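To start, the structure itself, in structure tokens.
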Amino acid sequence: MVDTPDIIRIEAAHFSYGERPILTDLNLTIRRGEIVAIMGGSGGGKTTLLGLIGGRLKPSSGRVMVEDQNVPTLSKSALYQLRRRIGMLFQFGALFTDLPVFDNVAFPYREQTDLPEDAIRALVLMKLEAVGLRGAAHLMPSELSGGMARRVALARAVALDPAIMLYDEPFTGLDPISVGIIGRLIKRLNTALGMTSVIVTHDLNETLRLADRVIVLSAGRVYCDLVPDQIRASSDPFIRQFADGLPDGPVPFHYPASDYVQDLVQS
Amino acid sequence: MNRSKFDLAVGAFVALGIIALIFLALKVGNLTGFDSGTGYVLEARFDNIGGLKVRAPVKSAGVVVGRVESIGLDGETYEAVARLRISSSFRFSKDTIAVILTSGLLGEQYIGLEVGGVPDYLSNGERITKTQSAMVLEKLISQFLFNKAAEPPSQVK
Amino acid sequence: MSRAPLSWIEALGAAVTTRLDRLGLAARFVAALFGVLGIALLRASLIIRELYFSGVRSLSIVIVSGLFVGMVLAVQGYEVLQRYGSTESLGVIVALSLVRELGPVVTALLFAGRASSAVTAEIGLMRATDQLAAMDMMAVDPLARVIAPRFIAAVISLPLLAGLFSAAGIIGAWIIGVHLIGIDDGAFWSQMQASVDVRIDIVNGMFKSVVFGVAVGLISVFEGFFAPPTAEGVASATTRTVVTSSLAVLLLDFVLTVMMFRGLNG
């Protein structure tokens, strides 16, 4: 297998939920070792994109190449083989609520390896130490704050040292301190473990501090593909609306509707 | 909760469940040794079997020794053919008589085996030649009335 | 607003289509589930965990219910039997009702309310909070790791619980009949033994509860697995589990009873 620089390559991918198209003719590549942020309006297909990369969703057409394998065509066992090299942090962590923190992080080792229990213990404590929560190993997920739960989930996601990390809105619902902590952890893990990171996020400030590249999606395709400095300097109205948080602009405030006055008169 | 507590509780649960099933099998039901497939079969023909059912008991001196396995009708002789599955621990002489009896006045019907004195024993598939059919209540009553009617009306004044 | 004259046909068509869709979904789900049962059976510790939550936790309600049902049967049965002067048949009537019908059926209904509803809610919430998706992304099949052990636990638990229910009921009837009413102890048991057949009555009753276990287990994991990921969705899925399971148990009971006891009285 040739070690190509493009670890993820999406070619002409189409995806729709029923009648509603989400992705139309999406093309993008992500290189090994990068941290790439995916931004765009809500319902713009960002989370769908992670679903395609992880093989949880299948495009209606097009190719999704991850480590030179076309994900939609993989068999279940080949897909599971690939997923051992992909870590994913879900929006709210998705910790197993019936297991304590320690067992949550130990889960991938117990399921995927034949390591003895004392080796698993050492590895789990190491991962928890990396996210600063070794002391919380005995707690149940319900006893954790949102930020702590996200960090435990991060420790669990990187347990098997994946080549690719997918983050689904890792900053949503967190206080600014936790946002900073998670952001720094993402950066540190990316360099320390030599990973490639794809982050779907709304948090522009943290993203610009963190990412090597920002891909903005709009109407189911790549709107622009820029480095953080270009975003800061951009005068594009769409990007400005995002960067400055303007309520109305190219992304309309109103959901498409018939004429307001006419609607009132009719009723 | 730790694993050993689960194991202990589930172990106790399964043991309790199995004890309940054993209780049902031994104390509530009859786990006698002549379920279908074991023992041997005898055949008996009756003119009328009355209300005899499949799986009705076959008794000898009041002790259950087998069950009625099937009941059929011989198309040529119009006799009822009962096949009896008998426990292999009992043997019956060749001149055994099979009688259809009723337990109590309204009870279920069963087959009683009355053993004779011949030293030869019936073996698998053989026929019990001497049989006595079921008492059918209507026949008894009509016979009784017939006899009554036939009597001279001596008492009538 | 004018409605098209054929709209009710359209509505009927839509209703049939959604039902068929769901049936197809269920068929594929069951096929996939049976595909991973072999792997799941190897993970005894997972099944033991579910046996604890489904079986052990249902013990008290099943035993207490069984005891009371048996006691009520004894009181009612005695009332009727004494008119015919055959009160010593009380044991037979109670034992046959419990072993053939009430044990399997009532236990399955209790199990649907006590254990299966919890399974549906748990799986539904795991799905709503992305726990199943997270597992899937960790290359662990949720069907084998989460769904199958819960299904297997239902199939194992139900016959054991039904046996306990019947045994508790017979003991309840014995307490009432022999100790309170004063029926002869020997007659109570010997009449029962003479009329209850292990194969026809007890084994068939157990077979029924295995079938009920399969049905109730499948319904609970299916409803949970496909519950909409909202509070409302999980709540209505839980209700559906109890309602569908109860109806399925009663329908299956009728079908199985007809199949089992037909031909016995030939």
Side-chain angles (χ1 to χ4, degrees), chain B residues 1-38 49 51-57 59 62-64 67-73 80-83 85 103-110, chain C residues 44-59 62-63 66 84-86 89 91-92 94-96 98-99 103 153 156-171 174 189-190 192-203 205-206 209 263-266:
Chain B
M1 202 179 299
N2 59 24
R3 254 192 63 193
S4 59
K5 193 182 163 190
F6 281 134
D7 290 352
L8 191 69
V10 170
F13 164 54
V14 173
L16 211 59
I18 290 173
I19 289 172
L21 294 183
I22 291 173
F23 166 78
L24 291 179
L26 296 184
K27 184 87 179 149
V28 175
N30 45 13
L31 192 72
T32 35
F34 41 81
D35 267 323
S36 54
T38 64
I49 56 160
L52 189 74
K53 301 273 198 306
V54 171
R55 296 205 61 80
K59 298 182 184 179
V63 178
V64 177
R67 294 210 175 265
V68 176
E69 193 173 68
S70 68
I71 296 173
L73 182 70
V81 182
R83 288 167 62 80
R85 170 78 55 183
S103 55
L105 190 59
L106 300 167
E108 60 172 358
Q109 287 189 301
Y110 65 96
Chain C
S45 65
L46 294 177
I47 298 172
I48 285 173
R49 207 190 115 82
E50 299 313 323
L51 277 174
Y52 179 81
F53 286 111
S54 295
V56 176
R57 292 284 191 86
S58 305
L59 267 180
V62 162
I63 290 176
Y84 304 100
S86 49
S89 302
V92 182
V94 170
L96 283 181
L98 282 169
V99 169
I156 297 175
S157 294
L158 211 43
L160 295 175
L161 290 171
L164 282 164
F165 183 98
S166 297
I170 289 164
I171 289 168
W174 175 72
W189 291 111
S190 63
M192 199 190 296
Q193 281 183 357
S195 306
V196 178
D197 186 274
V198 169
R199 201 185 60 77
I200 289 186
D201 300 312
I202 297 177
V203 173
M206 287 302 111
S209 56
L264 275 185
N265 301 323

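Per chain, numbering begins at 1; letters A, B, ... match sequence-line order. Keep in mind the model is a prediction, meaning the values are calculated, not measured.
Contact annotation for C:I48: both backbone and side-chain heavy atoms come within less than 4.5 Å of a heavy atom of chain B. Interface remark: B:L21 contributes side-chain atoms only to the contact with chain C (heavy atom separation under 4.5 Å). If you measure heavy-atom distances from C:I47 to chain B, you find no contacts under 4.5 Å at all. The parts of C:L51 that come within reach of chain B are both its backbone and its side chain, each placing non-hydrogen atoms under 4.5 angstrom from that chain. In this structure, the portion of C:V99 lying under 4.5 Å from any heavy atom of chain B is its side chain and not its backbone.
Residues passing the side-chain contact (heavy atoms from CB on, under 4.5 Å) test with B:I19: none are found, sequence neighbours excluded.
When each of C:A44, C:S157, C:G205 is scored by its heavy-atom pairs under 4.5 Å with chain B, the top score falls to C:S157. Contact tally against chain B (heavy-atom pairs below 4.5 Å) for C:S45, C:A167, C:S86: the top residue is C:A167.
Separating the CD1 atom in B:I49 from the CD1 atom in B:I71 is a distance of 4.0 Å, to the nearest 0.5 Å. Remark: C:S54 OG to B:F13 CZ distance equals 9.0 Å, nearest 0.5 Å.
Put simply, the side chain of C:I170 does not reach to within 4.5 Å of the side chain of B:K27, judged on heavy atoms.
Two rings, from C:F53 and B:F6, have their centers less than 6.0 Å apart.
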Please report, to 0.1 Å, the donor-acceptor pairs under 3.5 Å made by any side chain of residues 159-166 of chain C, with sequence neighbours excluded.
unit_1, atom_1, unit_2, atom_2, d
C:S166, OG, C:L98, O, 3.4
C:S166, OG, C:A162, O, 3.2

